[in-house]
Colleague: 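Dumping the structure here so I can ask a few things about it.
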Amino acid sequence: MTRHFLELSDAGGDALAAMIGDAIERKAWRKDVPKGAPDGDAPLAGRVLAMVFEKNSTRTRVSFDMAMRQLGGSAIVLDAGTTQLGRGETIADTARVLSRMADAIMIRTDDHAKIEEMAAHASVPVINGLTDRSHPCQIVADLQTVVEHGKALPGLELAWLGDGNNVLNSIVEAAGLLKFNVRIAVPEGYDSDPAYIERARALGARITVTRDPREAASGADVVVTDTWVSMGQQGAEARIAAMTPYQVNAELMQQTRADALFLHCLPAHRGEEVTDAVIDGPRSVVWDEAENRIHAQKSVLRWVFGQL
Ligand code: CP
Ligand code: NVA
């Protein structure tokens, strides 16, 4: 059966843990190897990934391209606006054609239903490079970063501040799969999808929702935030006003454990969801997190090709 990676739960907890472990091992192996040189075993030699972008991207685009190079394969980038998709060719027909021409498809789009449609009509693996609903690839990198910085995932206390968005949905999903706890502090009206929370709780994760950012941060092992205005969202002014009390700043970081980490998927809006002092400060691991997109995406690719 074709392995799609639309959500972390498509892989499940064991495979997600295996991806994190594989990413850490492969990263360590190629410590002094030039970035574009293939890994010794080149496990995806000859494979081509087609990447479709209906939204902007820096990290996802570069990390998947680099991931394919390091795995011995290659990637093709399609900006939707310059493809026939942008002129109305259907997702289904695009899926059928790309399946004949490439070995896997990565797509970044808006409506999550589009990626499900792509997977339904593709005969090769489809990977979610972010939708309005979720961003699973990011979370593999985030969890790799947390583990590399010496924190065990089971029982971890992760605080999320700001907007109840796509990145948070995938964090909550991961919490259920790997048994860590999430304290969500978001303003009223900006809550995340309750279905993710219910599923994670059913799997044994403790997910708490509060309007008090200090309460969420109190004793946390990891603090995570993201932009207050995601791609495609309207009403920036109202969002920023509502979320201003949820800014991750030095005072907020004083509530956490002394060794707490700060994560942000980037791009950051300095002075909004996070201050310079925090993102450039000693607890911030955001550049490791960004680099880890390459290593984590390699594991996702190996998983969809049945190698993990
Ligand atoms: N974090 C992330 O997905 O970044 P890009 O939007 O640059 O791909
Ligand atoms: N929540 C952000 C993540 C960007 C990587 C967005 O969807 O724009």
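On a predicted model such as this, the values are computed, not experimentally measured, just so you know. Whatever order the structure lists ligands and atoms in, that order sets their numbers, starting from 1.
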Colleague: Give the numbers and elements of all ligand 2 atoms closer than 4.0 Å to a heavy atom of Leu266.
Modeller: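 So the answer, numbered in order with elements, is 5 (C).
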Colleague: Which part of Leu130 is near ligand 2, with near meaning a heavy atom under 4.0 Å away: side chain, backbone, both or neither?
Modeller: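 Side chain only; the backbone of Leu130 stays clear of ligand 2.
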Colleague: Apart from Val62 itself, which Ile, Leu, Val, Met, Phe, Trp or Tyr residues share its cluster (side-chain heavy atoms under 4.5 Å, direct or through members)?
Modeller: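 Result for Val62 is Met66, Ile294.
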Colleague: Could you tell me whether ligand 2 has any atom less than 4.0 Å away from a heavy atom of Thr60?
Modeller: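 No heavy atom of Thr60 comes that close to ligand 2.
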Colleague: Purely on distance, is any nitrogen or oxygen of Ser230 under 3.5 Å from one on ligand 2?
Modeller: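 Ser230 vs ligand 2: N/O contact under 3.5 Å present.
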Colleague: Should the heavy atoms of other residues, nucleotides or ligands under 6.0 Å from CG of Asn56 be counted, would the total exceed 12?
Modeller: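 No, because the 6.0 Å sphere around CG of Asn56 holds 12 heavy atoms or fewer from other groups.
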Colleague: Run the salt bridge (charged side-chain N to carboxylate O under 4.0 Å, His left out) test on Asp132 and Lys55 for me, step by step, so that the C-alpha distance in whole Å, both residues' side-chain angles and the decisive distance to 0.1 Å come before the verdict.
Modeller: CA-CA 10 Å; Asp132 289 349; Lys55 286 179 176 172; 2.5 Å; yes
Colleague: Let me check something: do Val167 and Tyr190 share a hydrophobic cluster, defined by ILVMFWY side-chain heavy atoms less than 4.5 Å apart, either directly or through other members?
Modeller: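 Hydrophobic grouping puts Val167 apart from Tyr190.
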Colleague: Who's the nearest protein heavy-atom neighbour of atom 7 (O) of ligand 2, and how far?
Modeller: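 Its nearest protein heavy-atom neighbour is Asn166 ND2, 2.9 Å.
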Colleague: Using a strict cut-off of under 4.0 Å between a residue heavy atom and any atom of ligand 1, list the qualifying protein residues by chain and number.
Modeller: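 Answer by chain and number: Ser57, Thr58, Arg59, Thr60, Arg108, His135, Gln138, Cys265, Leu266, Arg293.
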Colleague: Starting from atom 3 (C) of ligand 2, what is the nearest protein heavy atom, named by residue and atom, and what distance separates them?
Modeller: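 For this ligand atom, the closest protein heavy atom is Asp226 OD2, 3.6 Å.
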Colleague: Only one of Arg283, Lys151, His149 clears side-chain hydrogen bond (donor to acceptor under 3.5 Å, both in side chains) with Asp259; which?
Modeller: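 So, applying the side-chain hydrogen bond (donor to acceptor under 3.5 Å, both in side chains) to Asp259 and each of Arg283, Lys151, His149, only Lys151 qualifies.
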Colleague: Apply side-chain hydrogen bond (donor to acceptor under 3.5 Å, both in side chains) to Thr225 and list each qualifying residue two or more places apart in sequence or on a separate chain.
Modeller: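 Thr225 satisfies side-chain hydrogen bond (donor to acceptor under 3.5 Å, both in side chains) with no other residue.
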Colleague: What heavy-atom pair brings Ala216 and Ala159 nearest, and what distance separates the two atoms?
Modeller: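 What the structure gives for the nearest pair is O-CB, 3.4 Å.
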Colleague: Got Met106 and Arg61 here, is their nearest side-chain heavy-atom distance under 4.5 Å?
Modeller: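 Sidechains of Arg61 and Met106: no contact.
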Colleague: I need the full list of salt bridge (charged side-chain N to carboxylate O under 4.0 Å, His left out) pairs touching residues 156-165, with sequence neighbours left out, sorted by first then second residue.
Modeller: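 Sorted pair list: Glu157-Arg183, Glu157-Arg206, Asp163-Arg239.
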Colleague: For atom 8 (O) of ligand 2, what is the closest protein heavy atom, and at what distance to 0.1 Å?
Modeller: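 The protein heavy atom lying closest is Met231 N, 2.8 Å.
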